[in-house]
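Labels below follow one simple rule: chain letters A, B, ... track the order of the sequence lines, proteins then strands, and each chain is numbered from 1.
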Number of protein chains: 2
Amino acid sequence: MGIFSKTCEYALRAVFFVAHKTAGGGRVGIKEIAEGIGSPEHFLAKVLQDLSRRGIVQSVKGPNGGFYTDESVLQRPISDVVEAVDGNGIFTGCALGLKQCSEINPCPLHHEFKTIRNELHRMLNATSIGEFNTDLISGITALKK
Amino acid sequence: MGIFSKTCEYALRAVFFVAHKTAGGGRVGIKEIAEGIGSPEHFLAKVLQDLSRRGIVQSVKGPNGGFYTDESVLQRPISDVVEAVDGNGIFTGCALGLKQCSEINPCPLHHEFKTIRNELHRMLNATSIGEFNTDLISGITALKK
DNA sequence: ATAATAAAAGAGTTTCTTATCTTTATTTAA
DNA sequence: TTAAATAAAGATAAGAAACTCTTTTATTAT
Ligand code: FES
Ligand code: FES
């Protein structure tokens, strides 16, 4: 596995997909999202339900319904998505799995690891959901394959 | 979960434990290692068997047997341990789980993520198994709790 | 040789993650 | 007010990761 869980990878790709598809208004259905990011449809549905409950995407049922992101969502940091799915262990946990990462009872890797972990956290915090829309629309970046 | 799998966390803690216990000669048994790092004994046995096959620890059976690390092991980078257990996905994989992390078909996070991923790789490559022995012996760093 | 010791190997079980399929609730439009 | 569309929810299953228990093999010391 990579740095995030598979579920979290789907979540991030889906959020980016919804964001760039609906930035100009409208909604996008679960089928199109799953197809657009290459994920199992019903599994992704569960993930999006969860993100919807947490306010990271919006949704409406019925004809012309689907998922979308409003302006406030576009400005949220992507660390919100990661934290919603994988929790904050990746931002605060010990590299070696000690119950508590601490300065006073550190593991051997603590000092070096903390730097990198903080850098990752800073990066995900400084990066907003909406800031990739133009590159996605222009096709410079991809969410599939 | 943290950045590494639980199995990998055990592996790293165990390797550090064996290294600092046997740096001056001798062997240490699976029971003492499991107790020393707070891991399930039989599960850890499997992990160490695997590391042993790959030459990351040494072992001998029978009375006065156990696990140990020779001088050459102490100088290996800890990325070898991570790679043996978790594979190299963490060093080379796409943050969003695209099949192939690439410059020509990058995901939105590619540029920022690559930097951090490379920094992690560099750190784990520049850090040797044996370099924590003195801090572990003196009790400055810990492998349990 | 024999008995004791300790890792290696084998064979599960449990739990968590990922995935699939079906049914229900909500919304829209005719 | 009915039918169609679409997300939400429920139930179940497949696979992988984590953990446990038992048997075998290799080594040492007596
Ligand atoms: S104690 Fe291990 S990373 Fe902080
Ligand atoms: S393509 Fe996603 S990190 Fe490189």
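Here salt bridge (charged side-chain N to carboxylate O under 4.0 Å, His left out) pairs that include residues 61-80 of chain A, with residues two or more places apart or in two chains, are R76(A)-D80(A).
Hydrophobic cluster membership of Y68(B), counting Ile, Leu, Val, Met, Phe, Trp and Tyr whose side-chain heavy atoms lie under 4.5 Å apart directly or via other members: V60(B).
Scored by the ring-ring contact (aromatic ring centres under 6.0 Å, His included) test, F67(B) finds no partners at all (sequence neighbours excluded). Scored by the salt bridge (Lys or Arg N to Asp or Glu O under 4.0 Å) test, D50(A) finds R53(A), R54(A) as partners (sequence neighbours excluded). With sequence neighbours left out, the salt bridge (Lys or Arg N to Asp or Glu O under 4.0 Å) criterion links E119(B) to R122(B). With sequence neighbours excluded, no residue forms a ring-ring contact (aromatic ring centres under 6.0 Å, His included) with F4(B).
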Inset, instruction - Indicate for each nucleotide in nucleotides 13-23 of chain C, in 5' to 3' sequence, whether protein heavy atoms under 4.0 Å reach the base (B), only the sugar-phosphate (S), or nothing (-). - result: -----BBBBB-
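Put simply, M123(B) and I3(A) are part of the same group of oily side chains (I, L, V, M, F, W, Y) that touch within less than 4.5 Å, one to the next.
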Give every donor-acceptor pair under 3.5 Å between a side-chain atom in residues 26-38 of chain A and any protein atom, sequence neighbours left out.
{"unit_1": "R27(A)", "atom_1": "NH1", "unit_2": "N64(A)", "atom_2": "O", "d": "3.1"}
{"unit_1": "E35(A)", "atom_1": "OE2", "unit_2": "K144(A)", "atom_2": "NZ", "d": "3.1"}

Please list, one pair per line, the donor and acceptor atoms closer than 3.5 Å that link side chains of residues 103-110 of chain A to other protein atoms, with sequence neighbours excluded.
{"unit_1": "E103(A)", "atom_1": "OE2", "unit_2": "H110(A)", "atom_2": "NE2", "d": "3.1"}
{"unit_1": "E103(A)", "atom_1": "OE2", "unit_2": "K114(A)", "atom_2": "NZ", "d": "2.7"}

Please tabulate, one pair per line, all N/O donor-acceptor pairs under 3.5 Å involving side-chain atoms of residues 85-95 of chain B, not counting sequence neighbours.
{"unit_1": "D86(B)", "atom_1": "OD1", "unit_2": "S5(B)", "atom_2": "OG", "d": "2.6"}
{"unit_1": "D86(B)", "atom_1": "OD2", "unit_2": "S5(B)", "atom_2": "N", "d": "3.0"}
{"unit_1": "T92(B)", "atom_1": "OG1", "unit_2": "N88(B)", "atom_2": "O", "d": "3.1"}

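The side chain of S52(B) places no N or O atom within less than 4.0 Å of a non-bridging phosphate oxygen (OP1 or OP2) of dA7(C).
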Using a cutoff of under 3.5 Å, can you pull out all pairs of nitrogen or oxygen atoms linking the protein to nucleotides 26-28 of chain C, with atom names and distances?
{"unit_1": "dT26(C)", "atom_1": "O4'", "unit_2": "K61(A)", "atom_2": "NZ", "d": "3.4"}

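First and last contacting nucleotides of DNA chain D toward chain B (any atom under 4.0 angstrom from a heavy atom, 5' to 3' order): dA18(D) to dA29(D).
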